[in-house]
Amino acid sequence: MHSTPALAPETTIAIVGAGRLGGVLARALRAAGFVVLGPLRREDRAPDADIALLCVPDSAIPAVAFAVRPHARLVAHVSGATPLTDVDFSLHPLQTFAGKELPDVFHGIGVAVDSHTPEALEVAEQLARALGANPFRVDDDHRAEYHAAASFASNFVLTVLDAAEHLAKDAGVDRAHLAPLVRQTVDNWVASGAASALTGPIARGDEDTVARQRAASAEYQDLFDALATATRAVAGRAPHATTADYAATTEEPRA
């Protein structure tokens, strides 16, 4: 095994965990020129490697890290939420994976990294760049906030889109017709942030329309109310909002 932090092409990386991310990482790291072992299942014997990259459920990290520690110079996990208690560094791609993606799925995305030592941090950053990604550091003190942000940006968005899909279906509108609206909204958010990009009845202070939307939301009314309250706060931060506008958008929804 090697003893320098430089990631030469002959660097061996054991991918432990054969789930979605494990498979995608194995393909991408091979494409980047590394010697990749795996993806291995947790019950497989741990091979000797320069780096053991754990792509296992968060709850399994302590036990798997303990098992592979004698066989690797550095042990890392790919969890966004788990501290570095049992590993040398972390490498969390800020992306959602279905498991069938090509190696270029990492190109241009962000990867959160952290480590116990400068050497391990250098390895983590080099791995991210070898994948074509952009590393940024998130330490243990901020890991929960970071991972919550990722859930809001991905998981919770899907929850909202699922509600939109069901309501649209009741109106005879296909999911595909909502997709351009979703894409343009995200593009506007990327360009200028939520407050500037916000449109619609809450941004206009049109509470009559908001009330009709709420009444039509059926089993999603609780979700509608929570989102409407949060959206009113966003509207109040809009650069064009006046005191009167904010007052109009802070009214309670009508039943």
Side-chain angles (χ1 to χ4, degrees), residues 1-107 109-117 119-133 135 138 140 143 146-147 150 154-155:
M1 292 186 289
H2 308 289
S3 59
T4 63
L7 293 179
E10 65 269 19
T11 297
T12 54
I13 303 174
I15 304 294
V16 184
R20 295 179 182 181
L21 182 53
V24 178
L25 269 173
R27 290 194 295 274
L29 289 169
R30 282 194 181 97
F34 298 109
V35 178
V36 177
L37 310 174
L40 306 165
R41 300 191 178 277
R42 280 180 281 170
E43 61 270 20
D44 292 339
R45 187 185 68 82
D48 290 339
D50 293 303
I51 300 167
L53 199 53
L54 311 186
C55 303
V56 298
D58 291 4
S59 61
I61 288 173
V64 178
F66 180 81
V68 303
R69 175 65 68 183
H71 303 279
R73 180 171 62 84
L74 293 172
V75 178
H77 68 52
V78 297
S79 169
T82 305
L84 299 182
T85 308
D86 301 289
V87 297
D88 300 300
F89 69 88
S90 62
L91 185 85
H92 179 254
L94 190 53
Q95 183 58 282
T96 181
F97 297 93
K100 302 296 184 182
E101 291 85 0
L102 297 176
D104 63 4
V105 68
F106 295 98
H107 291 185
I109 72 168
V111 172
V113 299
D114 194 23
S115 71
H116 290 300
T117 66
E119 177 198 10
L121 182 62
E122 182 180 355
V123 170
E125 291 175 341
Q126 289 180 359
L127 274 177
R129 293 191 180 102
L131 291 169
V138 177
D140 278 359
R143 193 174 293 274
Y146 160 73
H147 203 245
S154 179
N155 309 144

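Computed from heavy atoms alone, side chains included, the values below leave out hydrogens, waters and symmetry copies.
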D140 with R143: basic N within carboxylate O range, under 4.0 Å: yes
Heavy atoms from other residues, nucleotides or ligands near CZ of R30 exceed 12 (cutoff 6.0 Å): yes
So CD1 of I61 and OG of S79: to nearest 0.5 Å the spacing works out to 4.5 Å
Minimum-distance pair of heavy atoms, taken over all atoms of L94 and A150: CD1-CB, 3.8 Å
4.5 Å side-chain heavy-atom contact, I109 and Q95: yes
Work out which heavy atom in D58 is nearest to a heavy atom in A81; give both atom names and the distance. OD2-CB, 4.1 Å
Should F89 and V123 count as side-chain neighbours, where that means a heavy-atom distance under 4.5 Å? yes
To check you understand the geometry: which heavy-atom pair defines the closest contact between P70 and A67, and what is its length? CD-O, 3.5 Å
CG/L53 to CG/L37 distance, rounded to the nearest 0.5 angstrom? 12.0 Å
Which heavy-atom pair separates A72 from V75 by the least distance, and what is that distance? CB-CG2, 4.3 Å
F34 vs I51 side-chain heavy atoms within contact, under 4.5 Å: no
Could you walk me through whether V16 and C55 pass the side-chain contact (heavy atoms from CB on, under 4.5 Å) check? CA-CA 6 Å; V16 184; C55 303; over 6 Å; no
Indicate whether the side chain of H71 and that of D48 have a donor and an acceptor atom separated by less than 3.5 Å. yes
Flag, side chain of Q126 to backbone of A124, donor-acceptor distance under 3.5 Å: no
How far apart are the C-alpha atoms of L127 and E122, what are their side-chain angles, what is the distance that settles it, and do they pass the side-chain contact (heavy atoms from CB on, under 4.5 Å) test? CA-CA 9 Å; L127 274 177; E122 182 180 355; over 6 Å; no
Flag side-chain contact, heavy atom, 4.5 Å: V111 against L131: no
A side-chain contact here means heavy atoms from C-beta on lying under 4.5 Å apart; do T117 and D88 qualify? no
Nearest 0.5 Å, what's the NZ-CZ distance between K100 and R27? 7.5 Å
Polar contact flag, side-chain donor to acceptor under 3.5 angstrom, T11-D50: no
Close side-chain approach of S115 and V87, heavy atoms under 4.5 Å: no
What is the distance from atom CG of L121 to atom NE2 of H116, rounded to the nearest 0.5 Å? 12.0 Å
Check whether the side chains of S90 and D114 place a donor and an acceptor atom closer than 3.5 Å, and report yes or no. no
To the nearest 0.5 angstrom, please state how far the CG atom of L91 sits from the NE2 atom of H77. 10.0 Å
Mind listing the closest non-hydrogen atom pair of P39 and A18 along with its distance? CB-CA, 3.9 Å
Aromatic rings F97 and F106: how do their planes relate, parallel, tilted or perpendicular, breaks at 30° and 60°? tilted
CG of L29 to CD1 of I13: how many Å apart, nearest 0.5 Å? 4.5 Å
If you take all heavy atoms of G17 and V56, which pair is closest and at what distance? CA-CG1, 4.1 Å
